[in-house]
Protein chains: 2
Amino acid sequence: MPPGRKKSLTPEDFVTVAIAYADVHGLAALTIRVIGDEVGLTQTAIYRYFHDKDELAGAMKEYLFAEMLTSLGEPTGTPRERIERIAVEFRRLFAQHPCMANLITVLSSPMDNSTAVTRRVVDALEQMGFSGRALTDSYQLVESVLIGTTLIDLYGSPYHLTTRLERFRNVRHPAFDDISRDPSSIEETNEQAYVTAIRLVLDHLDRTATEQARAIAHTSG
Amino acid sequence: MPPGRKKSLTPEDFVTVAIAYADVHGLAALTIRVIGDEVGLTQTAIYRYFHDKDELAGAMKEYLFAEMLTSLGEPTGTPRERIERIAVEFRRLFAQHPCMANLITVLSSPMDNSTAVTRRVVDALEQMGFSGRALTDSYQLVESVLIGTTLIDLYGSPYHLTTRLERFRNVRHPAFDDISRDPSSIEETNEQAYVTAIRLVLDHLDRTATEQARAIAHTSG
DNA sequence: ACCTGAACACCGTTCAAGT
DNA sequence: ACCTGAACACCGTTCAAGT
């Protein structure tokens, strides 16, 4: 490609620009017209690249999950360590790209990269010894706590922190007043709750996995 | 009021009609024009009762939390039982009114009735022996798991079940295929995850509460 | 092939006008 | 006092027309 040659855009250009904008201004502020402005074209140019806004949102979600898969690298360590790793990277992804929380609540369709993450958790659970209904139940527990507690921290982005601050102030209790004075201690509290919740789930999985293994050994022995 | 006299509407009329519609068709389908149709007036009539759509959404949320407070009744039993009670009623509220999940993600402002529920949890935690930073951390853990795991089950309402069904099918694993065959077993799995998560949190609170009590006794003794 | 400009249906909201 | 009808700004989307 000769220099100075005006290269046309790619779908990825739209995706990265949209993510950057939504992270700062919130997903609600991301209109088709704004995207046009941001990439330097007209409002309607995007329809050459995406069928509709939902398809763009799906591509944004896939892009961010791809980023997470890259950070994750190849699975190593014990099953528990692998799930812990996923929990950490999941959290990091949402912290770096808060628009993800709104994307997930707005979007429903399962897609390749999110399914890949799901499968990693399922693999780890299988290696812990879960199968059949115990496997799906365990997976659901991990997903609910992992995504649930992350969602609740960030769904109002980019106003989630001030909102939570206001909620804490509304409790009208000295301990909550103390913490509502600076946003960073609110973030700490959220982080603390996440880490504790994940640890509780993993401890529980360790216990039930050995129980299931013992039950199977007893049946077949 | 004489019979046959045409009584004018109340704000509550709009609220109940809006909730009923959003529960069935989803919050996204609830437009100002639809509300007008449903109450039997014009699109713009609602502005005599609410400043804007956000105020209506807030009133819907408050109405549903009021319903929950009524179901809860006066607090009785041990602190743990009281939190369990709240967890059960919270779940029931969302099951009966799935629009609540979307209301929460869309709305941010803290309001009277939701704060009342918060305060009940805080009271119970204080009676368990938590104070200061341990109190806010404990509360945050309860809230994250309680609301988080509920949100994640229902945020796509009224399509949340078919969506999850499709996600399970996408995993392409025999155990997930089995469960994705009927929607009721998906609901069971969600319910199971919720109950387990709450139990894990409450067990953890029981442990840390006695630890904190012991630490205080040690310091002051 | 890639982009623009005008247009359309739909949304939340305002406001003057009706009873 | 309560409601209507027409209008406005904004949204996602379509499509004929430009290069």
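Order of the sequence lines fixes the chain letters, A, B, ..., with proteins taken first and strands second; residue numbering starts at 1 for each chain. All values derive from a computational prediction rather than experimental measurement.
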Chemist: Looking at B/Met111, is its backbone amide N or carbonyl O close enough to the side chain of B/Ser114 to form a donor-acceptor pair, meaning the two atoms are under 3.5 Å apart?
Modeler: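 Yes; at least one donor-acceptor contact below 3.5 Å.
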
Chemist: Round to the nearest Å and state the distance from B/Lys53 atom NZ to C/dT14 atom C1'.
Modeler: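 Going from NZ in B/Lys53 over to C1' in C/dT14 covers 17 Å.
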
Chemist: Rounded off to whole Å, could you give me the NE2-to-P distance for the A/His51 and D/dG12 pair?
Modeler: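 Between P of D/dG12 and NE2 of A/His51: 15 Å.
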
Chemist: Answer with yes or no whether the side chains of A/Thr10 and A/Asp13 bring together a donor and an acceptor at under 3.5 Å.
Modeler: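 Yes, a side-chain donor-acceptor pair sits under 3.5 Å.
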
Chemist: What is the distance, to the nearest angstrom, from the CG atom on A/Asp52 to the P atom on D/dC11?
Modeler: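 Rounding to the nearest Å, CG of A/Asp52 and P of D/dC11 are 17 Å apart.
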
Chemist: Please classify the nucleic acid contact of B/Thr31 as base, sugar-phosphate, or nothing, using heavy-atom distances under 4.0 Å.
Modeler: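 Touches sugar-phosphate only.
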
Chemist: For the pair made of CG in B/Asp37 and P in C/dC11, what is the distance, rounded to whole Å?
Modeler: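 That distance rounds to 11 Å.
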
Chemist: Rounded to whole angstrom units, what separation is found between the CG atom of A/Asp13 and the P atom of C/dC2?
Modeler: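 Rounding to the nearest Å, CG of A/Asp13 and P of C/dC2 are 13 Å apart.
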
Chemist: Write down the atom of A/Pro98, the atom of A/Ser157, and the distance for their closest heavy-atom approach.
Modeler: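 Shortest heavy-atom separation between A/Pro98 and A/Ser157 comes out as O-OG, 3.3 Å.
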
Chemist: I want to confirm an ordering. Mapping B/Arg33 and B/Ala45 to their closest nucleotides on DNA chain D, which one lands closer to the 5' end?
Modeler: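 On the 5' side of the pair lies B/Ala45.
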
Chemist: Taking the cut-offs as 6.0 angstrom to the six-membered ring centre and 45 degrees off its axis, would you call A/Arg169 and A/Phe176 a cation-pi pair?
Modeler: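 No - A/Arg169 does not lie over the ring of A/Phe176 by the 6.0 Å and 45° rule.
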
Chemist: Round to the nearest Å and state the distance from A/Gln43 atom CD to D/dC11 atom C1'.
Modeler: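 That distance rounds to 10 Å.
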
Chemist: Without decimals, in angstroms, what is the distance between A/Ile35 CD1 and C/dC3 C1'?
Modeler: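 The answer, rounded to whole Å, is 16 Å.
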
Chemist: When you measure from the side-chain N and O atoms of B/Tyr47 to the phosphate of D/dC2, is any distance below 4.0 Å, counting only OP1 and OP2?
Modeler: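 No, because none of the side-chain N or O atoms of B/Tyr47 sits under 4.0 Å from OP1 or OP2 of D/dC2.
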
Chemist: I want to verify a distance call: between C/dG12, C/dC3, D/dC2, whose nearest atom is closest to the A/Ser8 side chain?
Modeler: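 When the side chain of A/Ser8 is considered, C/dC3 is the closest of C/dG12, C/dC3, D/dC2.
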
Chemist: Return the pairing partner of C/dC15 with a 3.5 Å limit on both distances, Watson-Crick or G-U wobble; otherwise return none.
Modeler: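 Here C/dC15 is engaged in a pair, and the nucleotide opposite it is D/dG5.
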
Chemist: C/dC2 C1' sits how many Å from A/Leu41 CG, rounded?
Modeler: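 Going from CG in A/Leu41 over to C1' in C/dC2 covers 9 Å.
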
Chemist: Indicate the ring-plane relationship of A/Phe65 and A/Phe90, choosing parallel, tilted or perpendicular according to the 30° and 60° boundaries.
Modeler: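 Tilted: the ring planes of A/Phe65 and A/Phe90 meet at 30° to 60°.
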
Chemist: Across all strands shown, which nucleotide pairs with C/dC10 by Watson-Crick or G-U wobble geometry, both distances under 3.5 Å?
Modeler: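 Pairing partner, where one exists within any strand: none, as none qualifies.
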
Chemist: Determine whether any donor atom in the side chain of B/Thr44 lies under 3.5 Å from an acceptor atom in the base of D/dG5, or the reverse, and answer yes or no.
Modeler: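 Yes.
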
Chemist: B/Tyr49 side chain N/O closer than 4.0 Å to the phosphate oxygens (OP1, OP2) of D/dC3?
Modeler: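 Yes, because at least one side-chain N or O of B/Tyr49 sits under 4.0 Å from OP1 or OP2 of D/dC3.
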
